[in-house]
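Report on the structure given below.
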Amino acid sequence: VDKIGFGAVCPSPHISVCRLFVQLASQLIKEGKKDKALKVLDYCEKVIPSTTVRHDYIYSSSKEMADNYIQLGQTQKAENILEQLANNSVEYAAWYLSLDNDRFAGSYEECMRHFYILDDVCKSLSNLKDAKTGKEPESAAHYAQKFEQLYQLLESRVGGTHQENK
């Protein structure tokens, strides 16, 4: 694992390397090599920590990383990643919704992408169950509530935008 280097051709080496680690772990899980997969994921977190390169749903395959951790029984690690992804999408969606109507209209697709991401991450959080109690983590309810609040704001904005354009 430690022999992977950064190529000069790659425009964003940390994200690309993280994605490679995640893909390798996914393949190892498929092959039943769960111990090796866990080592790969943990090594990725060690050499490319989220404090250096932020977890990202698309570019760094962080959702797949969280799913891998779930498959490996590492629910706390998965929850940590999912919370970071959810928080990121909450921040972006709230920012897009704060824009004036013209700028919001131009950013609508990006805003909706973060709603999709937040919805997907909320589903994953709600599927995480504590091994002892069987309950979902508090973060599942927290981000589900954030989603609902933002969605209500989105509905009011979209309705307001359409009414003004008539």
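All values reported here derive from a predicted model rather than from experimental measurement. The basis for the numbers below is simple: all heavy atoms, side chains too, and nothing from hydrogens, waters or symmetry mates.
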Test your reading of the model: is there a side-chain donor-acceptor pair from [X] to the backbone of [Y], 3.5 Å cut-off?
{"X": "Arg157", "Y": "Leu99", "value": "yes"}
{"X": "Arg54", "Y": "Gln84", "value": "no"}
{"X": "Lys33", "Y": "Lys30", "value": "no"}
{"X": "Asn80", "Y": "Gln76", "value": "no"}
{"X": "Thr52", "Y": "Ile48", "value": "no"}
{"X": "Ser89", "Y": "Ala86", "value": "no"}
{"X": "Ser126", "Y": "Lys123", "value": "yes"}

Compare all side-chain heavy atoms of [X] with those of [Y] and state whether any distance is below 4.5 angstrom.
{"X": "Tyr143", "Y": "Asn87", "result": "yes"}
{"X": "Phe104", "Y": "Leu154", "result": "yes"}
{"X": "Leu28", "Y": "Asn68", "result": "no"}

Side chains of [X] and [Y]: is there a donor and an acceptor less than 3.5 Å apart?
{"X": "Glu45", "Y": "His55", "result": "yes"}
{"X": "Asp42", "Y": "Tyr69", "result": "yes"}
{"X": "Glu31", "Y": "Gln27", "result": "yes"}

Taking all non-hydrogen atoms of both residues into account, name the closest pair between [X] and [Y] and its distance.
{"X": "Glu136", "Y": "Ala141", "value": "OE2-N, 4.3 Å"}
{"X": "Ala144", "Y": "Cys122", "value": "N-SG, 3.8 Å"}
{"X": "Cys44", "Y": "Cys18", "value": "SG-SG, 3.4 Å"}
{"X": "Ala25", "Y": "Ala37", "value": "O-CB, 3.6 Å"}
{"X": "Gly134", "Y": "Lys129", "value": "O-CD, 3.3 Å"}
{"X": "Glu79", "Y": "Ser139", "value": "OE2-OG, 2.9 Å"}

To the nearest 0.5 angstrom, please state how far the [atom1] atom of [X] sits from the [atom2] atom of [Y].
{"X": "Met112", "Y": "Tyr96", "atom1": "CE", "atom2": "OH", "value": "12.5 Å"}
{"X": "Lys63", "Y": "Ser61", "atom1": "NZ", "atom2": "OG", "value": "11.5 Å"}
{"X": "Lys135", "Y": "Leu128", "atom1": "NZ", "atom2": "CG", "value": "15.5 Å"}
{"X": "Leu82", "Y": "Ile70", "atom1": "CG", "atom2": "CD1", "value": "5.5 Å"}
{"X": "Tyr57", "Y": "Leu85", "atom1": "OH", "atom2": "CG", "value": "8.5 Å"}
{"X": "Gln74", "Y": "Met65", "atom1": "CD", "atom2": "CE", "value": "12.5 Å"}

Is the Phe21-Tyr43 ring centre distance short of 6.0 angstrom? yes

Do NZ/NE/NH1/NH2 and the carboxylate oxygens of Lys39 and Asp35 come within less than 4.0 Å? no

Evaluate the side chain to side chain contact (heavy atoms under 4.5 Å, CB included) criterion for residues Gln149 and Lys146: first the C-alpha distance (whole Å), next the side-chain angles of each, then the deciding distance (0.1 Å), finally the verdict. CA-CA 5 Å; Gln149 291 169 345; Lys146 291 282 187 190; 3.9 Å; yes

Over 60° means perpendicular and under 30° means parallel, so classify the ring planes of Phe115 and Tyr151, tilted if in between. perpendicular

Is Arg19 positioned over the aromatic face of Tyr59, cation under 6.0 angstrom from the ring centre and no more than 45 degrees off axis? no

